[in-house]
Each structure stands twice: as structure tokens, then as C-alpha cells.
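The structure under discussion appears below in the form of C-alpha cells.
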Amino acid sequence: MTQYTIVTDLNRCVSCLNCMVACKEANDVPIGNFWIKILRVGPNPKFEGAEYPDVEMYYLPVSCQHCKNPSCVEVCPTGASHKTENGTIQVDKDKCIGCQFCVMACPYGVRYLNEEQGVVEKCTRCYQKTQEGELPACVVSCGGRARWFGDMDKGWDDFRGSLDANGEPLRLTDEDYIKPFTDADVHSLPDSGNHPSDRFILRNRVWR
Amino acid sequence: MEVQYPLVFFTLFLCLSSGMLLFQGVCALRGAGTKKFHTAMLAAELVVLAVGGFSSFLHLHHWERIFNGFGHLTSGITQELIGIVVTVVVLAVLFGVLRKAEDGERVLPKWCGILAVVVGVIMGFVCAHSYFMPARPAWANLTLYLYYYASELVLGAAGTWLLAAALHEDEAVGALLAKLTCVMGIVSALAILVAGFYWTTISFGDVGYSFHTTDPTASLPDPSAALAAPMAGSLAGLFWGGAVVVGSLVAVVAGFFGMKKAEQALPLSAAALVCSLMGGVCFRVVLYAVGVSFYVYF
């Protein structure tokens, strides 16, 4: 089995918005639509009753979570939204009727109607790139080198990120570069039964 | 969530059509109603279903591809589509039975009544089930089914009563339908109140302060306030005035007086139906407003 996944190291994300811009450029995302978007969480008190400067925050980049039990696929009447062999959820635009039930069923608000084409779109994991062995645009362009792409079923070793000085992708397991993390530091977005596949690493902060 | 008016009118007319079929079945089981009445009911149900179906097509951007949709059974739209086809077949069967019937004791046999009731009950479920989405806590609970059934029942009773009054059916039939309209109005009001109260009990995860880079000047999300808005907030007018008073209690009052004043049946039943339709629109608009995502930040 394969489960293409993006892992974001939130301790490295600086909200430069490069991922948003690169995604727009790589996928020709219409104005007003965002296949990836950033939420700043905080500043929130570090502990109950804490006041400034005892506050903390992090940035949360969110795109389609390519869920293991995707609600969008379940509600799609034509099979346009479907799960592929590599674990990603794709939309067959020739089958989409534009009913937008998938938009309603998605808990994360990452699906958009393309008004011009009358079909729903979302993050494809840069299917056109990953099929050719390249990395998604949001991963390559990440200004904080926080995003990593790989097959979760193969483990952390498979995850690669933006390029190093020699033009080779960095690896998530490169301890010279990546600060250590434990399983307790790995999070996913809240689950309403859809089982999101993307993961977020957050150390020394309260995951909210 | 932004109101999808074509879907509002689709579910409204689907409930009206299915509700009328259900109460036609009740009449058939009791041996009530003339051949003319039952024929007119079938025609009305078909026309209302067609209006609802047309309304749903306005929602689609590629309606010509809808016939790809019969194969994906987990989809609520597919289930509705199949339900509508089954309803049309049942209407055709009932019409065929009626053509051979003669006015007398019973123009539709009992099995026809049972068939109509069963299809009406199933369609109420299918209509609600399409919107049962775990991502939207206000929709993902039993109150959704409760309301859609209530809507189907009050609309169906009022619509059936109106047709009976317009065709000068027997006074006993009119009194029965007036009584049913009155009771279903009470059921509708109670279902709406239960839903409105339940929404206020739903809790959401909270990330604390947040700032959205795609909408930097937006207010902080407040899902609890959105879900309390129908009972005591910005949606109170639509909820109490539109859905409860106009949409339900008018039917109660009209049905109550209709039981005693048969000569006023036509205006009373018309008022009941028009107000139930208006209330149905109001409640469905409220449903979209409270349909916030359980992860409200995106």
C-alpha cells in the first residue's frame, strides 16, 4: 500500500506564504480559491492564566488531508472524487457535476468550486509532478523548509523536503538538520471519522 | 455556510410531494377519497416533484452528467435520484390502478395505500440523509431526520387537505385532513424546537486566538454563537417567526378551525399550505446558517 503524505514541521513554519503562492502558480488556482492556506494559531497563554510574554503561537498550513476514509468521496454522486492507488484523493473533472456536496462534507474547507469550469477542485498533491518523481510545489518552495513529502507506509525515511546546497532533497531523518521529535510531537487535524493522513510536528508547544 | 437556494426548494418540494403521497396512502387505507381526488393527488405529486427536480438542476453546474450518478450508492444525491425514480414508478402504478377503479366504497386497494405510505416514509428519510454529514455537527444528528419528517408531514397534510377542499371531497375526509394538519403542525413546531435547543448543546474544539492569512480582517470564528443564533440571536426572527409561528402554528390554528368549519376549508387549507411552505424555507435557511464545520477555522 502507498499513502502519499505531507508532514509539516510547525516549529519551522514562518508563514512566508511561499507554499500558497507556489501552489497557485503550479496549479493555476483561480483567484479567491486556495488549495493550501495558513492559519496563525495564537498568541495563546502558555498555561492557564498566563499573560504576555508567557504566550505561544504557531502557523498551521492546511490543504486537502487526503483522508483515509474521505467524506468527499462518500458523498460524490458520480465518482468524480475518488481515492487513487497512492492514497491521494483526486477529482475527475470530466465526471464532476458541480453539486458541491463534497465541499459541504469536507471538514477542513479546502475544496473550492472553479466557477469558470463549473467543477470542484482542491490540492492534487501536485499529481502532475509527483507522478514524474518530483516533489509537490508547496514542499519544494517552502521558505522555512518545514514541509516534507513521502509515503507514510514506508515510514519517516521516505520523506523528502526542499533542496540542499547540492540540489538534493533534504531528508526528514537527517538529524543534522531536523530537530528530534517523538511520537507525542506528531499531530493530525481533528478527525470527524474521515481519518486525515497529513501530519504536523509540533515540539514544545500545546497542539490546539 | 452560504445558503444553496436551489437545494432549499428541492428539499421543500420533495417533502411536499412525498408528504402528499404519504397522506394519500393514509386516505387509501381508510377507504377515503373519490377517484377524482386520488387522480388529482397523483397529478399534483408529480408536478410538485418535477418542480423540485427542476430546482435541484439549477444547483448543478453540469446537470448533463447527472446520469453518471446512479452507480455511486453511498451518495445522498444518488439515493435521492433513485428515490425519485421509484416515486414516479409508484405514481404510475397507482394511476394505472385508479384508471380501472370506479367510485364507490374504495377506489384504491389497501396495498396501494401501504405502498404510498412506505414510499413517503422512505423519501423523508432519504431527503434528510443526504445532509447527514459528520463534518457539520448541526446536521449530523437525529434532529435532522426529525425536522425533515416533520416538514414532510405538515406540508403533506396541508397539501392533501387543500386538494380535498378544492375538489369538495366528503366533509368527513376534510375533517380528517384538517385534524391531521393541526396535529402535524404541532409535530413540526416541536421538531423545530428540539432541533434549535439541541444545537445550543453542541460543543466545538477551540484553538484560541487565530488569524487567517487568506482573510486577515475576518472576526474570530464563534461557532457556539452561530448555533445559538436561531434560539436567541440574529436568526431568531427566521426561527421563531418564520419556522415556528408561520411555518407550524398557522397550520395548527387553520387545522383546528377547519375541523369545525368545513365551509372555510379552502381558505384555511390554502393558508396552512402557503405558510408551511414559507416556514419550510425559513427553517432550511437556518439549517445552512448553523451548518458550520466542526473544524471551523477553514
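The figures that follow rest on heavy atoms only: side chains count, while hydrogens, waters and symmetry mates do not. Convention: sequence-line order gives letters A, B, ...; per-chain numbering from 1.
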So which of Leu277(B), Val244(B), Leu238(B) actually passes side-chain contact (heavy atoms from CB on, under 4.5 Å) with Cys282(B)? Leu238(B)
With Trp207(A) as partner, the option from Ile201(A), Val41(A), Asp185(A), Leu10(A) fulfilling side-chain contact (heavy atoms from CB on, under 4.5 Å) is Leu10(A)
Testing the basics here: between [X] and [Y], what is the closest heavy-atom pair and its distance to 0.1 Å?
| X | Y | result |
| --- | --- | --- |
| Ser248(B) | Ser188(B) | OG-OG, 2.8 Å |
| Arg65(B) | Thr78(A) | O-CG2, 4.0 Å |
| Pro30(A) | Lys24(A) | O-NZ, 3.0 Å |

Step by step, work out the side chain to side chain contact (heavy atoms under 4.5 Å, CB included) result for Asn44(A) and Val206(A). CA-CA 9 Å; Asn44(A) 287 311; Val206(A) 176; over 6 Å; no
Distance, nearest 0.5 Å, that separates CG of Leu91(B) from CG of Leu115(B):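 Taking CG in Leu91(B) and CG in Leu115(B), the distance rounds to 9.5 Å.
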How long is the straight-line distance from OG1 of Thr214(B) back to CG of Leu39(A), given to the nearest 0.5 Å?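 Rounded to the nearest 0.5 Å, the CG-OG1 separation comes out at 8.5 Å.
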Side chains of [X] and [Y] only: does a donor on one sit below 3.5 Å from an acceptor on the other?
| X | Y | answer |
| --- | --- | --- |
| Tyr177(A) | Asp164(A) | no |
| Ser210(B) | Arg208(A) | no |
| Glu74(A) | Asn69(A) | no |
| Tyr295(B) | Asp191(A) | no |

Does the structure place the NZ or CZ of Lys154(A) under 6.0 Å from the centre of the six-membered ring of Phe159(A), at an angle of no more than 45° from the ring's axis?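 No, Lys154(A) does not lie over the aromatic ring of Phe159(A).
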Examine whether an atom of Phe34(A) lies under 4.5 Å from a heavy atom of chain B, and if so say whether it belongs to the side chain, the backbone or both; otherwise answer neither. side chain
Heavy-atom cut-off 4.5 Å, strictly under: side chain, backbone, both or neither for Met57(A) against chain B? neither
Counting heavy-atom pairs under 4.5 Å to chain B, which of [options] comes out on top?
| options | answer |
| --- | --- |
| Cys106(A), Ala80(A), Cys76(A), Ala105(A) | Cys76(A) |
| Ile38(A), Leu17(A), Leu60(A) | Ile38(A) |
| Gly98(A), Pro43(A), Ser192(A), Ser15(A) | Ser192(A) |
| Val110(A), Asn194(A), Leu113(A) | Leu113(A) |

Non-hydrogen atoms of chain A under 4.5 Å away: do they reach the side chain of Tyr288(B), the backbone, both or neither?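 For Tyr288(B), the side chain is the part near chain A, not the backbone.
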Under 4.5 Å, heavy atom to heavy atom, which residues of [range] contact chain A?
| range | value |
| --- | --- |
| residues 127-150 of chain B | Ser130(B), Tyr131(B), Met133(B), Pro134(B), Ala135(B), Arg136(B), Trp139(B) |
| residues 220-234 of chain B | none |
| residues 3-21 of chain B | Gln4(B), Leu7(B) |

For residues Phe149(A) and Cys126(A), determine if any side-chain heavy atom of one lies less than 4.5 Å from a side-chain heavy atom of the other.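 With C-beta onward as the side chain, the pair stays apart.
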Pairs where residues 1-22 of chain A contributes a residue and the test salt bridge (Lys or Arg N to Asp or Glu O under 4.0 Å) is met, not counting sequence neighbours: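 Only Asp9(A)-Arg203(A) qualify under salt bridge (Lys or Arg N to Asp or Glu O under 4.0 Å).
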Relative to each other, are the rings of Phe101(A) and His59(B) parallel, tilted or perpendicular (30° and 60° limits)?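 If you compare the ring of Phe101(A) with that of His59(B), the planes turn out perpendicular.
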